[in-house]
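Comments concern the structure below.
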Amino acid sequence: MDLIDDSDDVTPVPLSQRAMAGRAAPYLDGLNPAQRAAVEALDGPVLLLAGAGTGKTRALTSRIAHLLAQGRAHQRQILAVTFTNKAAREMKDRIGRLLGEAVEGMLWLGTFHGISVKILRRHAELIGNGELHLKPSFTILDTDDQIRLLKQLILAENLDEKRWPARQLAHLIDGWKNRCLTPARLPQGEAMAFDGWGGKLYQAYQDRLLTLNAVDFGDLLMHCVTLFQAHPDVLKQWQDRFRYILVDEYQDTNVAQYMWLRLLAQAHRNICCVGDDDQSIYGWRGAEVGNILRFEKDFPGAQVIRLEQNYRSTPQILAAASGLISANAGRLGKTLWTEAEAGEKVRLIGHWDSEAEARWIGEEIEAFQGGHRAALGAVGLNDIAILVRASHQMRAFEDRFMTIGLPYRVIGGPRFYERQEIRDAMAYFRLVVSPSDDLAFERIVNTPKRGLGDKAIKTIQNVARQNAVPLLEGARIVVGEGHLGGKGLANLREFVVGVGRWHADALDEGISHIELAERILDESGYTAMWQNDKSPDAPGRLDNLKELIKALEEFDNLQGFLEHVALVMDRDEGDATEEVSIMTLHGAKGLEFPVVFLPGWEDGLFPNQRAMDENGTKGVEEERRLAYVGITRAERLATISFAGNRRLYGQWQSSMPSRFVDELPEEHVEVLTPPGLYGGGYGAAMAFAGANAGTQMHDRAANADVYNSPGWKRMQARATQHKTPVPRSSVTIDASAEAIFTVGDRVSHAKFGEGQVMGMAEDTLTVQFDSGGFKNIKAAYVQPVGRDDDVPF
DNA sequence: GGCGGAACTTTTTTT
DNA sequence: AAGTTCCGCC
């Protein structure tokens with residue numbers, strides 16, 4: 001998120017834009033009455049209950065345009081908060097389009113975290129513990145740094161890191177920060193968590209952060225709140241500045257964010273919160289549905305406006321989703337409606353196992369490609385999404401789609417800036433920019449290997465501590481005094497000298513930061529490290545490093561870049577090509593697709609067992625909202641499926657269909673009979689079609705009894721013994737293996753790297769990979785080496 | 001101190 | 001099943 005606001009002027013600008021008030025307001029055109037009301041109710045607290053697909057972003061952006069056009073506020077006097085950078089970006093774009101000019105720089109539109117950073121930088125000195133305080137240049141730690149730091153603290157207490165994992169402590173501390181509980185405010189009972197060490201370690205962690213001049217994600221919010229609470233003058237400044245506040249996804253706010261908003265809004269109360277209690281799916285990270293349910297109490301006299309006209313889905317889809325969500329208690333309630341044509345019912349299908357499920361979905365998608373569903377209109381791969389509960393479900397689809405050559409993209413996988421090589425490179429940059437960044441130092445001092453192991457690090461740490469200097473400085477002393485022996489010493493000297501040189505280069509106007517970055521990676525030996533690495537993913541890592549350098553072009557210097565990356569961990573997803581999207585349900589929030597597949601609706605997976613164990617009924621309700629979010633992503637066709645067997649930790653486990661399946665309203669669901677099940681062999685066909693004594697395959701039978709029927713249970717029992725017959729794929733693999741390869745050919749595989757063909761049968765090759773090991777691989781899965789033939793995958 | 005194999009956990013979701 | 005961490009040997 002890039003909030004460029006170069007002005008320190010926080011006094012309100014006179015309403016000089018009144019002149020615009022009389023003009024026509026094109027941004028009002030085409031709004032429905034509710035949307036229009038939402039746009040025009042400018043003053044006082046407003047709660048906008050916006051159901052899925054009701055044009056919420058449209059209302060929000062039009063509202064901002066209206067505020068500006070009416071001269072109610074200057075751009076810099078409006079605060080608009082979102083949860084994700086993506087949402088912020090989209091809003092910025094759309095407002096820009098509405099106004100016909102870019103809004104960059106003026107409007108305070110960003111994530112809670114991004115805006116908090118902006119505020120904190122200006123008052124960093126006010127955050128401290130009496131002895132130490134933050135400096136405006138503070139760094140933001142990510143989860144990785146956070147955990148490494150905590151691990152050190154745990155070890156410093158002589159605790160067994162196995163019994164008290166740093167991850168768990170991090171989770172605990174995050175939870176406290178989400179609720180704005182500083183170590184001092186921590187209730188006695190909570191402080192005793194982590195076997196009595198919780199409070200103490202938390203305090204130690206906060207102190208350590210301060211000495212590092214660093215904050216973590218949770219601090220960004222918490223420090224802001226404590227800042228406002230302890231310094232009313234500062235709070236007043238910001239209250240005066242932000243005359244109008246808008247909040248997106250209000251149902252996802254946690255306690256800290258709620259306090260943050262309340263403090264800022266309590267003077268003028270011009271706050272407009274947009275949300276949908278039915279789409280609250282982040283309770284596990286501290287979000288409080290209660291915030292939205294309580295809004296009218298928190299802000300007496302609030303106007304509540306409901307957006308209920310849905311522009312996205314067919315009535316069948318809406319009805320199925322509404323029926324499902326009605327099982328939740330304590331909703332604010334709303335009735336979605338649409339003018340769209342009825343469309344197809346939500347489809348439901350069961351499979352033997354997760355592999356059959358993936359296979360079937362793959363075939364369905366291919367059938368769309370062949371135009372077998374003309375009623376839907378044209379369906380391209382970009383129109384299709386597979387939404388899973390847990391990311392491990394993705395593998396089955398990736399494997400299957402690879403073998404049949406179906407292009408797909410995984411959205412929200414391991415993110416670019418979280419990759420090892422990127423984080424290493426960034427640690428180099430960090431150390432060069434701020435030589436006192438001890439965490440960065442620790443990360444890279446021995447990467448690439450410089451013969452500096454635990455002992456050397458300990459020595460450096462001790463020297464640094466004794467002299468009260470950062471680690472890099474400590475290393476310099478170690479080098480000067482020759483505390484280390486042999487090779488390590490020479491390497492450490494080279495490293496220290498190198499960092500010193502790059503640091504000087506960074507201040508040299510004549511050297512661009514891009515050139516500097518390349519120089520750092522080359523001279524440090526980091527690039528060489530990967531060039532010499534023979535593992536199959538090494539080339540990919542080098543590509544990523546190139547991409548990282550390219551990303552630098554958008555910034556003026558390394559500092560600016562590092563600042564940006566700390567908050568924006570995502571990268572633009574390329575969508576130039578036609579690909580099916582695979583993502584988690586959480587990742588799908590806010591998106592829409594004509595065709596949606598919802599696999600894995602099994603008890604334990606969805607609703608997730610852990611969610612149920614840890615949060616009981618509340619957990620189930622959140623899972624149900626997640627199901628609701630999933631169904632409402634679909635515009636024209638939604639297909640829910642479940643499998644009788646699924647591999648978990650490498651073990652086959654049988655499972656029952658999700659309770660949510662039973663909750664779908666029968667009249668909006670069409671039950672399909674899975675392939676390979678008719679013929680009576682397994683008794684499963686009876687389970688599906690026979691329960692209602694109907695023998696038609698497409699009978700409606702979304703009936704709880706179906707899944708308790710003897711047939712279903714038999715299927716459960718037998719599925720482990722019988723393998724599903726593999727249905728003939730509707731796509732022919734380009735050619736048989738023989739046509740493309742001969743024994744002895746060199747081939748390359750996306751996952752396993754390069755290897756040699758040792759044998760083949762039909763479309764399957766036996767390959768000996770250079771990384772060691774034989775694998776049987778579908779021919780379509782590998783690429784000939786040394787040829788440019790475009791064999792799919 | 002580095003490397004390789006064994007043993008052990010993990011998989012809910014993320015700013 | 002796969003990724004990580006741990007441990008013992010070089």
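These values consider heavy atoms only, across backbone and side chains, with no hydrogens, waters or symmetry-generated copies. Residue numbers begin at 1 in each chain, while the letters A, B, ... track the order of the sequences.
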Minimum-distance nucleotide (side-chain atoms of A:R647 versus C:dA1, B:dT15, B:dT13): C:dA1
Distance alone, cut at 3.5 Å: any donor-acceptor contact between the side chains of A:R624 and A:Y628? no
Show each protein N/O and nucleotides 5-10 of chain C N/O combination with a separation under 3.5 Å, one pair to a line.
none

B:dT14 OP1/OP2 closer than 4.0 Å to side-chain N/O of A:T143: no
Are the side chain of A:Q257 and the backbone N or O of A:N254 linked by a donor-acceptor pair below 3.5 Å? yes
Taking atom P in both C:dT4 and B:dT13, what distance in whole Å separates the two? 15 Å
Do A:Y282 and A:W284 have their ring centres less than 6.0 Å from each other? yes
Output the rounded distance in Å from CH2 (A:W652) to P (C:dA1). 10 Å
How many Å lie between OH on A:Y282 and P on B:dT15, as a whole number? 7 Å
Expressed as a whole number of angstroms, how long is the span from A:R89:CZ to B:dT15:P? 11 Å
Should the ring pair A:H564 and A:F555 be called parallel, tilted or perpendicular, given that the plane angle runs from 0 to 90° and is split at 30 and 60? tilted
What pairs with A:F242 under ring-ring contact (aromatic ring centres under 6.0 Å, His included), at least two apart in sequence or on another chain? A:W108, A:W238
If only atom types and distance count, is the side chain of A:H351 paired as donor or acceptor with the main-chain N or O of A:S641 below 3.5 Å? no
Report the distance from atom CD of A:E355 to atom P of C:dA1, rounded to the nearest whole Å. 10 Å
Is the backbone of A:V255 close enough, under 3.5 Å, to the side chain of A:R179 for a donor and an acceptor to pair up by distance? no
Taking atom P of B:dT13 as reference, at what distance in whole Å does atom CG of A:D174 sit? 16 Å
Whole-Å distance, A:L605 CG to B:dT13 P, equals 11 Å
Using side-chain heavy atoms (C-beta onward) and a distance below 4.5 Å, is A:R647 in contact with A:R395? no
Calculate the interatomic distance between A:H223 atom NE2 and B:dT15 atom P; express it in whole Å. 20 Å
Protein-nucleic acid N or O pairs under 3.5 Å, nucleotides 1-11 of chain B:
| residue | atom | partner | partner atom | Å |
| --- | --- | --- | --- | --- |
| B:dG1 | OP2 | A:G453 | N | 3.0 |
| B:dG1 | OP2 | A:D454 | N | 3.0 |
| B:dT11 | O2 | A:H392 | NE2 | 3.2 |

Rounded to whole Å, please give me the gap between CD in A:E398 and P in C:dA2. 13 Å
Kindly point out which of B:dT15, B:dT14, C:dA1 is positioned nearest to the side chain of A:R285? B:dT14
Taking A:Q251's backbone N and O only, do any of them form a donor-acceptor pair with A:D276's side chain (distance below 3.5 Å, no angle check)? no
